[in-house]
Each structure stands twice: as C-alpha cells, then as structure tokens.
Amino acid sequence: MWRSPMRPLTDRSDSLGSDADTDQTGLRATSATEHRSVVAQQPQWPDVQAVALVEDHLAGLAPLTAEHEVDALASGLALASEGRALVLQAGDCAEQFVDARRDLVRRKIDHLDSLSASMRVSTDLPVVTIGRLAGQYGKPRSSSTEMTRSGELIASYRGDAVNSFEPNADTRVPDHPMRLLTAYRCASSILDEIRRSWSDRHPLERVYASHEMLLMPYECPLVRDGSRGMYAASTHFGWIGERTRGLSGAHLEFARSVTNPVGVKLGPNATPEDAVAISRRLNPDGIAGRLTFIVRAGIGNVDDMLAPVVDAIAADGRPVVWLCDPMHGNGYVHDGFKTRAVTSIIGEVTAFTRVLQAARQWPAGLHLESTPDSVTECVPRTDGPHSFTDYRSSCDPRLNAEQSAEVVAQFLALL
Ligand code: PEP
Ligand code: CO
C-alpha cells in the first residue's frame with residue numbers, strides 16, 4: 001500500500017499553527033515511507049494509531065473510480081490542451097456529508113450539465129465537465145482559527161473529512177479520522193449517482209468527479225495499480241491547492257506518482273520558474289491533458305503574473321490546460337460575511353482570456369465555486385448594499401445558478 005507520509009511524526013508543532021499561505025507549515029515526516037518531505041495542511045488528529053487503522057481500512061476498500069473512466073477524462077483534457085475542447089470545472093467550495101443525497105447530487109449534476117451545454121451550443125466544441133464533487137471534503141486554511149459570529153475564537157473548519165462545521169470549540173476538534181471513512185462512503189454514493197447520469201452518453205458528455213488532493217491519509221490508501229502505473233482511485237481528477245504546491249512538498253510528489261490528469265493552482269505569487277518546474281516535474285514526457293494549471297491570481301494581478309508564466313510554459317513546450325479560477329483571488333469580508341463580487345469574477349475571467357489570447361494560447365475554461373441553489377453568497381458588485389439572506393456555504397461563497405450562467409456567458413462572449 002502507498003503509505004501516508006504522515007507517520008511517525010517527529011514534529012507535530014505547527015501544521016495548524018501559522019499562516020498557511022507559505023508551504024512550510026506542515027508536518028515533517030521521517031518515516032521510511034515512499035518519500036520524505038513536508039506535508040502541509042494536515043490535521044493534527046489526536047490519535048495517530050487510529051489514523052493508521054483508518055488508512056489500513058481504506059486500503060482494503062474498493063477503488064472509487066476505474067482507470068478507464070480516468071483515461072476517458074484525460075482524453076477530453078488532451079483535446080482542451082490543444083484548443084479543441086473547453087472545460088468547465090465547478091461546484092461547492094466544500095461538500096458536506098449531509099448533502100450526499102441522491103436528489104441533491106442530481107441537482108448539482110444537472111446544473112453542471114446545463115452550464116456546459118451552453119458552452120457547447122455557443123462554440124460547437126466538446127466541453128469537458130468536471131464537478132467539485134464526490135470527495136471535496138478536506139479544506140486547506142490560511143489561519144488555524146476563526147472567529148464565530150458571537151466572538152468566540154475556535155479552530156477553523158477543515159472540511160467534513162476533518163471536523164464539524166458547527167461553530168463551537170468542541171466540534172471543531174479534528175475528533176476522529178473515522179471521518180475519512182465517512183468521506184469515502186459519501187464519495188462512493190455520489191459517484192454512483194454520477195455514473196447513473198452517464199447512461200449511454202459519449203465519454204465527452206459526462207460529468208466527472210474531482211477534488212483537492214489534500215488529506216494524505218485519505219489519498220494514499222486509495223491509490224491503486226493501473227495498467228500504466230498507479231492511479232488515484234479516490235477521484236477522476238485531483239488538484240493541488242495554492243497552499244500545498246511547493247516543489248519540495250508531499251502533495252506535488254503524490255501528484256507525480258499517479259497517472260490521473262492533475263491540476264495545480266497558481267496564485268498571484270507564482271513565477272514562470274515555479275510553473276515550468278511544476279510542469280517538468282508532473283509531466284516530464286509532455287503528455288497532453290496530464291497537467292492543468294488553474295490560475296487564481298485575483299483581478300488586479302492577472303496581467304502581471306500570468307503573461308510571463310504563459311510565455312515560459314509555451315517556450316518550454318509541454319502542453320497544459322489553462323483554466324481560470326476567478327473565485328479564490330477575489331474574496332473579501334462584507335458585514336462579517338466572506339464574499340466575492342460578480343464584477344470582479346467576470347473581470348478576472350476577462351483578463352485571463354485576453355492574456356492567453358495575446359500569447360496565442362487557448363483559454364480552455366473556468367473553475368468556479370457554484371451551486372444550483374438561489375443563494376446570496378456572492379454580491380453583484382463591490383459597492384452597494386447587500387443582504388446575505390441565504391448564505392449556506394460552509395466555506396467560500398458560491399455563485400448561484402443565475403450568477404454562474406452570467407459568468408459563463410461573459411467568458412463565451414470573449415472566445
Ligand atoms: C479551493 O479551491 O477551494 C481552494 C482552497 O483554492 P486555493 O488552493 O486556490 O486557495
Ligand atoms: Co474555495
């Protein structure tokens with residue numbers, strides 16, 4: 001079995017402790033495992049033995065995804081890297097266990113389908129559709145603590161696979177790694193619903209699953225043998241977040257070791273050297289569709305940050321899929337609510353698309369946090385009053401159905 005590099009631990013001091021916008025906040029693993037590196041953003045479960053038992057259990061369970069499904073998605077992403085397909089990746093910032101219900105999952109799938117149908121109709125191109133779905137249960141956090149609305153300082157929510165969203169000090173303890181098994185069970189039932197939605201559709205017209213490959217004691221035991229090496233059977237597509245993409249980190253090493261198509265987030269501080277090094281590391285053979293860069297620079301940073309990165313990747317010659325995540329660089333707090341303005345989101349999409357087009361590269365698509373529900377989590381614009389009457393997200397604010405359709409339409413108008 002692929003062992004999590006978390007055990008045994010010699011330094012448990014600070015994985016939750018400091019600003020995780022650097023890559024150096026994680027645990028340092030010294031076990032005789034497959035690799036020896038920094039493992040950022042891992043929960044500090046009180047009982048390390050229990051983590052080991054859960055890992056053993058996960059290793060014995062059925063793979064959640066099949067290699068041929070993963071390969072079908074990779075073929076679609078290969079087309080997208082060549083400018084012959086678009087990509088829509090979207091869904092909740094954090095899924096919640098209580099939402100792993102057939103009817104709710106079906107609504108999410110239908111919403112993704114309708115957004116990608118609009119992209120297909122407008123461009124006549126195939127659209128690769130990927131949900132933030134069936135495993136988006138672990139969240140990286142910039143701060144180890146957060147303030148409740150009543151003014152209590154409690155541990156941050158790290159996703160249902162780690163602790164409870166309920167804002168009180170007791171339930172925020174990363175109580176038990178058994179939550180990882182619940183994550184597996186929920187992901188399994190969601191994947192059943194995803195497959196039901198496929199019926200006899202062409203592989204390029206299906207919704208696939210994806211999540212951030214964050215929690216190593218979940219990801220490592222779910223690696224399975226495939227025909228070309230090992231693949232992550234926890235999902236179809238996994239991405240590495242902005243906080244865990246360090247070149248010396250365990251997450252990049254994990255992504256390197258599996259054959260799935262993988263994504264890497266690139267934030268405002270990503271350099272051309274970072275991007276080229278990541279591409280060489282994860283995709284040494286330059287396989288089309290293997291690597292997706294998900295750019296989340298923030299509206300004011302796209303021009304300066306992205307143009308040199310795109311040029312460097314083009315000069316290096318290895319293909320990538322370029323996606324715009326206009327969500328994670330544009331957050332702010334309004335009346336105590338985390339929010340984002342649709343105008344900034346559209347502004348970032350516009351800047352991203354123009355930079356790619358100026359460099360004669362293909363802006364392949366969007367990575368959104370969205371929901372079919374009529375929530376009021378994202379505001380129309382940064383100025384003006386807003387009442388957050390229907391705010392349900394357990395993590396970042398999502399575009400509602402109408403707002404997501406508007407962002408997609410604005411992107412399509414630029415192609
Ligand atoms: C996310 O996609 O929810 C996320 C945490 O993104 P990032 O790593 O880009 O901050
Ligand atoms: Co988010």
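Order of listing sets the numbers, starting from 1, for every ligand and every atom in it. Atom set for the values below is all heavy atoms of this structure, side chains included, hydrogens, waters and symmetry mates excluded.
- Residue G241 approaches ligand 1 through these ligand atoms, each under 4.0 Å from one of its heavy atoms: 8 (O).
- Here the heavy atom of the protein found nearest to atom 7 (P) of ligand 1 is K265 NZ, 3.5 Å.
- Here the options are E348, Q89, R296, E242, the test is side-chain contact (heavy atoms from CB on, under 4.5 Å), and the partner is D325; only R296 passes.
- When only interatomic distances are considered, the shortest N/O to N/O separation between E369 and ligand 1 falls below 3.5 Å.
- In this structure, R132 counts as a contact residue of ligand 1, since one of its heavy atoms falls inside 4.0 Å of the ligand.
- With atom 9 (O) of ligand 1 as the reference point, the heavy atom nearest to it among E242, K139, R296 is part of R296.
- For P140, every heavy-atom contact with ligand 1 shorter than 4.0 Å involves the side chain, none the backbone.
- If you put the vertex on the Co ion (ligand 2), OE2 of E369 and OD2 of D396 sit 140° apart, to the nearest 10°.
- Aromatic ring centroids of F97 and Y137 lie under 6.0 Å apart.
- Minimum heavy-atom separation, R398 to V375: NH2-CG1, 3.8 Å.
- Using a 4.5 Å heavy-atom cutoff, the side chains of M178 and H57 are not in contact.
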Could you walk me through whether F337 and Y391 satisfy the side chain to side chain contact (heavy atoms under 4.5 Å, CB included) test, starting with their C-alpha distance in whole Å, then the side-chain angles of each, then the deciding distance to 0.1 Å, before giving a yes or no?
CA-CA 9 Å; F337 289 89; Y391 198 106; 3.6 Å; yes
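- Taking atom 1 (C) of ligand 1 as the reference point, the nearest protein heavy-atom neighbour is H328 NE2, 3.0 Å.
- Note on C93: counted as a metal contact of the Co ion (ligand 2), an N/O/S atom lying under 2.8 Å.
- Every atom of ligand 1 is numbered from 1 in the order shown, and the set under 4.0 Å from a heavy atom of C93 is 3 (O).
- Of the charged side-chain nitrogens involved, at least one lies within less than 4.0 Å of a carboxylate oxygen, so that D390 and R392 count as a salt-bridged pair.
- A salt bridge is absent between E212 and K265: the closest approach of a Lys/Arg side-chain nitrogen to an acidic carboxylate oxygen does not fall below 4.0 angstrom.
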